[in-house]
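The analysis underlying the following values was restricted to heavy atoms, covering all of them including side chains, and did not include hydrogens, waters or symmetry mates.
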Amino acid sequence: MGSRERAFAVLIVEDQALIALNIEDVVRRIGGGVIGCAARLSNALTLVETASWDAALLNIRLAQGETAYPVAEQLQAKTVPFAFVTGWEADIDPRYSDVRVLQKPFTEAELENCLRTLIGTMPHSSSEQEAA
């Protein structure tokens, strides 16, 4: 791990604890520093308002019939890159047709690839060439 790279902060919005923990493990393995986890929409919106995130992974359908679309809206407004992590077969809101979707069940490699793509859109990640 290169210590020159700043650790990145990832917001995880996922109502299934086991999946959230799995995502958290992968984020930490690839150098994530701060991880915010929210299982409910209200918590997620608070986290978006009170902290700055480099990337986010959102489960579209949360418990109690909530969806993560309001969080996606906030993240878009703050230009935070995000991806949907979902097992939902239904159509995704057309406003987010360009957002990457990681279908559940996913492998750790797919998750890592998705995260690296999101983090790759961060302004400071020019150290990739040094590692090559």
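Closest of all the heavy-atom pairs between Val99 and Ala83 is CG1-CA, 3.9 Å. Closest heavy-atom contact between Ala55 and Leu118: CB-CB, 3.9 Å. In terms of heavy-atom proximity, Tyr69 sits nearest to Ile92 at OH-CA, 3.5 Å. Contact detail for Cys37 and Glu24: the closest heavy-atom pair is SG-OE1, 3.5 Å. Nearest heavy-atom pair, Ser52 versus Ala9, reported as atom, atom and distance to 0.1 Å: O-CB, 3.9 Å. For the residue pair Gln76 and Arg95, the shortest heavy atom distance occurs at NE2-O, 4.0 Å.
Taking CD1 of Ile60 as the reference point, atom CH2 of Trp88 lies at 6.0 Å (rounded to 0.5 Å). Taken to the nearest 0.5 Å, the CG atom of Asp54 stands 15.0 Å off from the CZ atom of Phe82.
Residues Trp53 and Phe8 do not share a hydrophobic cluster, clusters being chains of Ile/Leu/Val/Met/Phe/Trp/Tyr side chains in contact below 4.5 Å. Note: the hydrophobic cluster containing Phe84 also contains Val80 (ILVMFWY, side chain heavy atoms under 4.5 Å, direct or indirect links). Using a 4.5 Å cut-off between side-chain heavy atoms of Ile, Leu, Val, Met, Phe, Trp and Tyr, with links allowed through other members, Val85 and Ile30 fall into the same hydrophobic cluster. If you chain together hydrophobic residues whose side chains sit under 4.5 Å apart, Val13 and Tyr96 fall into the same group. Residues Val71 and Val34 share a hydrophobic cluster, clusters being chains of Ile/Leu/Val/Met/Phe/Trp/Tyr side chains in contact below 4.5 Å.
Side chains of Asn113 and Arg100 form a contact here, defined as non-hydrogen atoms less than 4.5 Å apart. Between Leu11 and Leu57 there is no side-chain heavy-atom pair separated by less than 4.5 Å. Side-chain contact between Phe106 and Val26: absent, with no pair of heavy atoms (C-beta onward) separated by less than 4.5 Å. Taking the side chain as every heavy atom from C-beta outward, Leu111 and Ile23 approach each other to under 4.5 Å. Contact check for Glu14 versus Lys104: side-chain heavy atoms found under the 4.5 Å cut-off. Inter-residue side-chain proximity for Gln103 and Glu89 is flagged as met; some heavy-atom pair is nearer than 4.5 Å.
Residues passing the salt bridge (Lys or Arg N to Asp or Glu O under 4.0 Å) test with Glu112, sequence neighbours excluded: Arg29, Arg116. Residues passing the side-chain hydrogen bond (donor to acceptor under 3.5 Å, both in side chains) test with Arg61: none are found, sequence neighbours excluded.
Panel note: side chain Asn59, backbone Thr86; no donor-acceptor pair is recorded below 3.5 Å. Judged purely by atom type and a 3.5 angstrom limit, Gln16 has no side-chain atom pairing as donor or acceptor with the backbone of Leu18.
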Per-pair distances, 0.1 Å, donor-acceptor, side chain in residues 40-51, under 3.5 Å, sequence neighbours excluded:
| unit_1 | atom_1 | unit_2 | atom_2 | d |
| --- | --- | --- | --- | --- |
| Arg40 | NE | Gln64 | OE1 | 3.2 |
| Thr46 | OG1 | Ser42 | O | 3.0 |
| Thr50 | OG1 | Thr46 | O | 2.8 |

